[in-house]
Amino acid sequence: QSPVVESGGGLVQPGGSLTLSCTSSVWRFDLYAIGWFRQAPGKEREGVSCISNDNIRGYQDSVKGRFTISRDNAKNTVHLQMNSLQSQDAGVYYCVIGSWCLAETVKDQNAWGQGTQVTISA
């Protein structure tokens, strides 16, 4: 099993919501920045959101106002609440542990999860 585990992906209609979760039994999340990347078929992987260890949040412009990243250090978990989902939000979402956030992108990456699929379809 990967030391970083994502969950919460699935099939949702346009306009719907999903909450992704990321946890680890190896990495202490309160010491790190945690980010989400996504990759759509035929496209490059892109940073979606990042939360620093002191809870500074960054978002890609296309998801601002729709996505919210949060952390629960007691549960060693980071969530990505995704609302008003659009077709362009579809893809595999990866949780990434790193050292710091540059806007929506986590830097000095230490570990990646295996990804969770988000499908948007009517």
Side-chain angles (χ1 to χ4, degrees):
Q1 185 181 8
S2 169
V4 181
V5 181
E6 303 98 338
S7 62
L11 172 65
V12 64
Q13 293 183 344
S17 299
L18 283 174
T19 299
L20 306 183
S21 298
C22 174
T23 191
S24 176
S25 60
V26 175
W27 298 90
R28 262 188 61 182
F29 281 10
D30 60 334
L31 300 179
Y32 296 94
I34 311 294
W36 289 92
F37 283 76
R38 69 185 177 194
Q39 187 165 24
K43 295 188 177 180
E44 292 188 358
R45 198 170 290 180
E46 59 180 359
V48 175
S49 183
C50 186
I51 185 167
S52 69
N53 64 336
D54 57 353
N55 289 329
I56 305 299
R57 296 165 172 83
Y59 298 96
Q60 185 192 101
D61 284 347
S62 70
V63 307
K64 285 180 180 177
R66 300 188 297 121
F67 289 14
T68 302
I69 191 169
S70 62
R71 60 165 73 233
D72 183 342
N73 289 335
K75 295 182 178 180
N76 209 46
T77 300
V78 166
H79 301 289
L80 184 69
Q81 172 70 43
M82 307 187 295
N83 297 327
S84 302
L85 284 162
Q86 304 166 359
S87 57
Q88 55 264 41
D89 296 317
V92 179
Y93 282 69
Y94 298 90
C95 178
V96 184
I97 298 172
S99 297
W100 57 289
C101 297
L102 177 63
E104 72 274 13
T105 302
V106 62
K107 295 294 190 179
D108 293 345
Q109 297 153 13
N110 300 105
W112 285 67
Q114 294 188 335
T116 186
Q117 178 73 48
V118 172
T119 303
I120 316 294
S121 176

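- Proximity of I97 to F29: side-chain heavy atoms (C-beta onward) are separated by under 4.5 Å at one or more points.
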Practice item. Verify side chain to side chain contact (heavy atoms under 4.5 Å, CB included) between V92 and T116, making sure each step is shown before the conclusion. Key: CA-CA 5 Å; V92 179; T116 186; over 6 Å; no
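- Residues D30 and N53 form no side-chain contact, since every pair of their non-hydrogen atoms from C-beta on lies 4.5 Å or further apart.
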Exercise for review: Just do the side chain to side chain contact (heavy atoms under 4.5 Å, CB included) check on Y59 and I69 with the steps written out, would you?
Suggested key: CA-CA 9 Å; Y59 298 96; I69 191 169; 3.5 Å; yes
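- A donor-acceptor pair is defined here as one N or O able to donate and one able to accept, closer than 3.5 Å; such a pair exists between the side chain of S49 and the backbone of G58.
- Using a 3.5 Å distance cut-off with no hydrogens or angles, the side chains of S17 and N83 do pair a donor with an acceptor.
- Within the 4.5 Å cutoff, side-chain heavy atoms of S121 are placed close to those of L11.
- Here the OG-CZ distance, from S70 to R57, works out to 6.5 Å after rounding to the nearest 0.5 Å.
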Atom pairs and distances, donor-acceptor, side-chain atoms in residues 37-46, under 3.5 Å, two or more places apart:
from: R38; atom 1: NE; to: E46; atom 2: OE2; distance (Å): 2.8
from: R38; atom 1: NH1; to: D89; atom 2: OD1; distance (Å): 3.0
from: R38; atom 1: NH1; to: Y93; atom 2: OH; distance (Å): 2.9
from: R38; atom 1: NH2; to: E46; atom 2: OE2; distance (Å): 3.3
from: R38; atom 1: NH2; to: Q60; atom 2: OE1; distance (Å): 3.4
from: Q39; atom 1: OE1; to: R45; atom 2: NE; distance (Å): 3.3
from: Q39; atom 1: OE1; to: R45; atom 2: NH2; distance (Å): 3.3
from: Q39; atom 1: NE2; to: K43; atom 2: O; distance (Å): 3.1
from: E46; atom 1: OE1; to: Q60; atom 2: NE2; distance (Å): 3.2

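- Counting only distance, with no hydrogens or angles, the side chain of S24 and the backbone of P3 share a donor-acceptor pair below 3.5 Å.
- Inter-residue side-chain proximity for V106 and W36 is flagged as unmet; no heavy-atom pair is nearer than 4.5 Å.
- In this structure, the salt bridge (charged side-chain N to carboxylate O under 4.0 Å, His left out) partners of K64, at least two apart in sequence or on a different chain, are D61.
- Annotation: side chain of L20 is in contact with side chain of M82 (closest heavy-atom distance under 4.5 Å).
- For the pair R71 (side chain) and S52 (backbone), a donor-acceptor distance under 3.5 Å is present.
- Distance check, rounded to the nearest 0.5 Å: CG of L80 to OG1 of T19 gives 8.0 Å.
- Interatomic distance, L102 CG to K107 NZ, rounded to the nearest 0.5 Å: 5.5 Å.
- Nearest heavy-atom pair, Y94 versus G113, reported as atom, atom and distance to 0.1 Å: CD2-O, 3.6 Å.
- Between the side chain of R28 and the main chain of V26, no donor-acceptor pair closer than 3.5 Å is present.
- For the atom pair CG of N76 and CD1 of I34, the computed distance is 8.0 Å after rounding to the nearest 0.5 Å.
- Counting only distance, with no hydrogens or angles, the side chain of D108 and the backbone of W100 share no donor-acceptor pair below 3.5 Å.
- Shortest non-hydrogen contact noted between A111 and V4 is CB-CG2, 3.8 Å.
- Considering every non-hydrogen atom in both H79 and S21, the closest pair reads ND1-OG, 2.9 Å.
- With hydrogens and angles disregarded, a donor-acceptor distance shorter than 3.5 Å links the side chain of E6 to the backbone of C95.
- A continuous path of hydrophobic side-chain contacts links I51 to L31 [ILVMFWY only; heavy atoms under 4.5 Å].
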